[in-house]
Structure formats: C-alpha cells, structure tokens
Amino acid sequence: MMSMSTRRIWVAGHRGMVGSAVTRYLEARGDKVLKADRSVVDLRNQIAVEVWLKQNRPDAIIFAAAKVGGIYANDTYPADFIYDNLAIETNIIHSAHAADVDRLVFLGSSCIYPKFAPQPIREDSLLTGPLEPTNEWYAIAKIAGIKLCQAYRKQYGRRYISVMPCNLYGPNDNFDLQTSHVLPALIRKFHEAKESRKPEVVVWGTGTPLREFLHVDDLARGVVFCLDNYDGYEHINCGAGSEITIRELAETVQRAVGFSGELVFDTSKPDGTPRKLMDSGRIRALGWEPEISLDDGIAGSYRWFLENKSVSPA
Ligand code: GFB
C-alpha cells in the first residue's frame, strides 16, 4: 500500500458528480488530488492526455471521467456515448501505462450486465447474455474499459482495477430533464410542480422497473477503499444492496419535496431494464458498506438542488 500522506492522485473527471465526491473524500483524508480541466486536457484527445500524464506522473488514477446520462440521453445520442467513452478510456488507460502509472481504478456501471442476468447480479454474469438496448452503446464502452484494465494487467502486470457502481445520485448531479437520471429528474419535476401548483407530475414508463440507488459519497468511500484494498483481475460491484420500484421512488421524492398532486405514468417512454440489483458481497466481505439511507440521501439531494438550481440547465 502507498503512503497515505504523500499520494498524488489524478481524479479524471473531477468536476462530475462521482469525481467531485472522490475529490472531496481524498482531500479530506490528506491526499493530494491532481485535476485537469477540460480547457487544459480534452480527454478525447490522445496526444493531450499522453503529454499531460507524462508531465504530471500521478501515483494513482481514479478514472471517473465519462460521458454519462439517463435513459433518454443514452438512447438518443448513441454515437456520443460509445465514441466519447471509448476514446477517453483508450487514451487514459494506455497513457497511464506509457507514463508508468502503476495503479488505476476504472469506474463502470451496472448496465454492463445482461438485461436478464440472474439477480442479484454477480460479477461473473458479465458477457453471458444480450444487453439492454437503450444503453448498450454506453455498456459496450464500459465493458471495453474493464477489458482494457485486464489487458494491461495481463500483458504488463499493471495493477489496474474496475469498480461497478449501481445507479448513483448526490451533490453535483445533472438536473436537466432531458439528459438526467431518474432521481434528479424527479426532484426537479416535483419541486417545479409544487412551486407552480401543478395538479400532476409525469413519471416516465410504467413505474414498475426496479433500481438500486447508492449515494455518491458512499461510492467515493468504496472507490478509495478499493484503491487501498483490492487488486484483482475481475471487476468488483459496489452497490447499496437494496432496490426500489420507480413508482416507490417517485412517491419517496414526492414526500421529500412536499408535492400533494397526482403521479401520471407516461408509458410511451421506455422502462429500460426491468431490474438490475447487484450482488456486492465481495466488496462487503472486504470491509466496505454503504452508510447513507435513501431517505437521508434524497433529503440532502433536494437541499443541494435548492441551493444550486440557479446553475442547473433549464
Ligand atoms: O435513471 P434512468 O434514466 O436510467 O431511468 P436507467 C431509470 C428508470 O426511471 C427508467 C424511469 O425506467 C425510466 O423510464 N423514469 C421515470 C425516468 N421518470 C423519469 C424521468 O423523468 N427521467 C428519467 N431519466 N427516467 C441508465 C443508463 O439507465 O442508468 C445508463 O441509461 C447508466 O447507461 C445509468 O447505466 C446508471 O437506470 O434506466
């Protein structure tokens, strides 16, 4: 294990929801976080990434940079999701090796697993069946990221690992109604309906899909925990361990926001995968577990939205 006080860690994607949570956590522990703004390094540009990494030579990389979005964004911009993510992954992982960075934690998503994988989904379900069509472009890119880490481990002995989170939420989430994930979208919809005294809020799909939600601060602890304690070839799941239907989630957000109108389900919108609860037994056996309940996390996210909504896109 590296010395805690002297580590210089590059958090790629430090402005995003995951990267900013990891940065907060590392800095609170006394680690030195290296940051590269988009204006300095476009992560899709191979030369820019290679030059920056050779100049800065971090002790480790937390790879939280990605093109991300909810079900509509994934389904509508497949080229952006597959191209941007593949480019960012090949550039960072290859350049990390070229700059002799020996430790890297790549972050994926539970959508890498087959649409109808046995639940709860174990790590060895990867590549055992067809993917969910609304996000297969993103999923294929994330599977490629796992395989890149494994390839550089197999060929060069690099200690590159991959962590798969479930659906995430928290500070710095994207609250744009077209491109966001369900939880921030619902916070915004219920808040705006309450403010303008609308009689109803529209929830996409049937409300029956099940999702597993983890607060991003719990994930940040999990990622750094894996940096310090996990060095396996196989990726490792990091989830909350419980699931909730979209209808139950909508009712929970409704209560947190204090909206008294009706829920209307727009079944012309896709449901996506019916269920994706991960088996996080391996990371729990190593010693990590989530600490933030969904109720507390949603209340905190609503507060964050109220304090920051002027900077969120309409
Ligand atoms: O969070 P979400 O966009 O992503 O949608 P996925 C989850 C579920 O919530 C779907 C429903 O069944 C949506 O139809 N939903 C209801 C809504 N109302 C809304 C709404 O207002 N906005 C949104 N966005 N959804 C994503 C993948 O899948 O999950 C990504 O596309 C990634 O690749 C991410 O894996 C974690 O859970 O369906």
Side-chain angles (χ1 to χ4, degrees), residues 16-18 64 66-78 80-82 84-86 107-115 117 119 121 126 131-146 163-170 173-193 200-216 219 235 237-240 243-254 257 259 263-278 294 298 301 305 312-313:
M17 178 173 72
V18 172
K67 168 86 181 170
V68 300
I71 192 166
Y72 175 82
N74 271 265
D75 203 25
T76 310
Y77 308 110
D80 294 354
F81 276 80
I82 195 163
D84 284 8
N85 285 304
L86 284 175
L107 281 153
S109 161
S110 58
C111 71
I112 59 159
Y113 292 115
K115 176 167 185 165
Q119 312 276 320
I121 312 173
L126 185 65
L131 297 164
E132 154 61 31
T134 53
N135 57 35
E136 63 182 326
W137 323 97
Y138 179 74
I140 289 283
K142 287 295 181 183
I143 294 169
I146 295 172
V163 177
M164 295 306 114
C166 60
N167 286 42
L168 300 168
Y169 70 99
D173 213 336
N174 167 18
F175 286 84
D176 173 83
L177 289 180
Q178 290 297 305
T179 58
S180 71
H181 292 97
V182 60
L183 208 156
L186 291 176
I187 288 177
R188 182 177 202 131
K189 285 182 182 178
F190 282 117
H191 174 75
E192 291 181 349
E200 60 186 39
V201 157
V202 175
V203 180
W204 295 354
T206 61
T208 58
L210 286 152
R211 292 291 184 274
E212 179 186 11
F213 292 97
L214 182 70
H215 193 280
V216 72
L219 175 78
H235 60 283
N237 291 341
C238 185
E243 55 188 344
I244 182 170
T245 65
I246 296 302
R247 176 188 284 275
E248 287 164 339
L249 177 75
E251 290 166 353
T252 307
V253 176
Q254 179 177 20
V257 172
F259 170 72
L263 299 184
V264 176
F265 289 89
D266 176 1
T267 54
S268 71
K269 295 284 196 302
D271 271 344
T273 201
R275 195 179 172 202
K276 47 178 172 180
L277 177 66
M278 294 192 304
L294 189 56
I298 288 174
S301 274
F305 171 73
S312 303

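Since we're looking at a predicted model, the values are computed, not measured. First listed ligand is number 1; within each ligand, the first listed atom is number 1.
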Can you tell me how far [atom2] of [Y] sits from [atom1] of [X], rounded to the nearest 0.5 angstrom?
X	Y	atom1	atom2	result
Thr273	Leu210	OG1	CG	10.5 Å
Asn74	Glu136	CG	CD	10.5 Å
Leu249	Ile246	CG	CD1	5.5 Å

Of the protein's non-hydrogen atoms, which lies at the shortest distance from [atom], and what is that distance?
atom	answer
atom 36 (C) of ligand 1	Asn167 OD1, 3.7 Å
atom 8 (C) of ligand 1	Ile246 CD1, 3.6 Å
atom 28 (O) of ligand 1	Lys276 NZ, 3.5 Å
atom 34 (C) of ligand 1	His181 NE2, 3.3 Å
atom 4 (O) of ligand 1	Ile71 N, 3.8 Å
atom 27 (C) of ligand 1	Asn135 ND2, 3.1 Å
atom 21 (O) of ligand 1	Lys189 NZ, 2.7 Å

Need the ligand 1 atom indices (1-based, order shown) with element for anything under 4.0 Å from a heavy-atom of [X].
X	result
Gly69	30 (C)
Arg211	6 (P), 7 (C), 37 (O), 38 (O)
Cys111	33 (O), 35 (O)
Ala185	20 (C), 21 (O), 22 (N)
Asp271	10 (C), 12 (O)
Pro270	13 (C), 14 (O)
Gly70	3 (O), 31 (O)
Ser180	24 (N)

Where does the angle between the aromatic ring planes of Tyr113 and His235 fall among parallel (under 30°), tilted (30 to 60°) and perpendicular (over 60°)?
tilted

Under the side-chain contact (heavy atoms from CB on, under 4.5 Å) criterion, do Asn167 and Lys276 qualify, and how do the steps go?
CA-CA 9 Å; Asn167 286 42; Lys276 47 178 172 180; 3.5 Å; yes

What part of [X], side chain, backbone, both or neither, has a heavy atom within less than 4.0 angstrom of ligand 1?
X	value
Asn74	side chain
Lys269	neither
Trp204	both

Any Ile143 side-chain heavy atom under 4.5 Å of Ile112 side chain:
yes

Report yes if the side chains of Thr208 and Thr245 come closer than 4.5 Å at any heavy-atom pair, otherwise no.
no

Is there a side-chain contact (heavy atoms from CB on, under 4.5 Å) between Gln254 and Leu263? Walk through the geometry before answering.
CA-CA 9 Å; Gln254 179 177 20; Leu263 299 184; 4.0 Å; yes

Determine whether any heavy atom of Thr134 lies closer than 4.0 Å to an atom of ligand 1.
no

Using heavy atoms and a 4.0 Å limit, tell me yes or no: is Tyr72 in contact with ligand 1?
no

Minimum heavy-atom distance Val201-Ala193, with the two atoms named:
CG2-CB, 3.5 Å

Min N/O separation Ser109 to ligand 1 under 3.5 Å
yes

Looking only at distance, does Val182 have an N or O less than 3.5 Å from an N or O of ligand 1?
yes

Stepwise side-chain contact (heavy atoms from CB on, under 4.5 Å) test for Asp80 and Trp137
CA-CA 9 Å; Asp80 294 354; Trp137 323 97; over 6 Å; no

State, without any angle test, whether Asp84 and Tyr77 hold a side-chain donor-acceptor pair at a distance under 3.5 Å.
no

Does any donor atom in the side chain of Asp173 or Ser301 lie under 3.5 Å from an acceptor atom in the other side chain?
no

Stepwise side-chain contact (heavy atoms from CB on, under 4.5 Å) check, Phe259 with Leu186
CA-CA 11 Å; Phe259 170 72; Leu186 291 176; over 6 Å; no

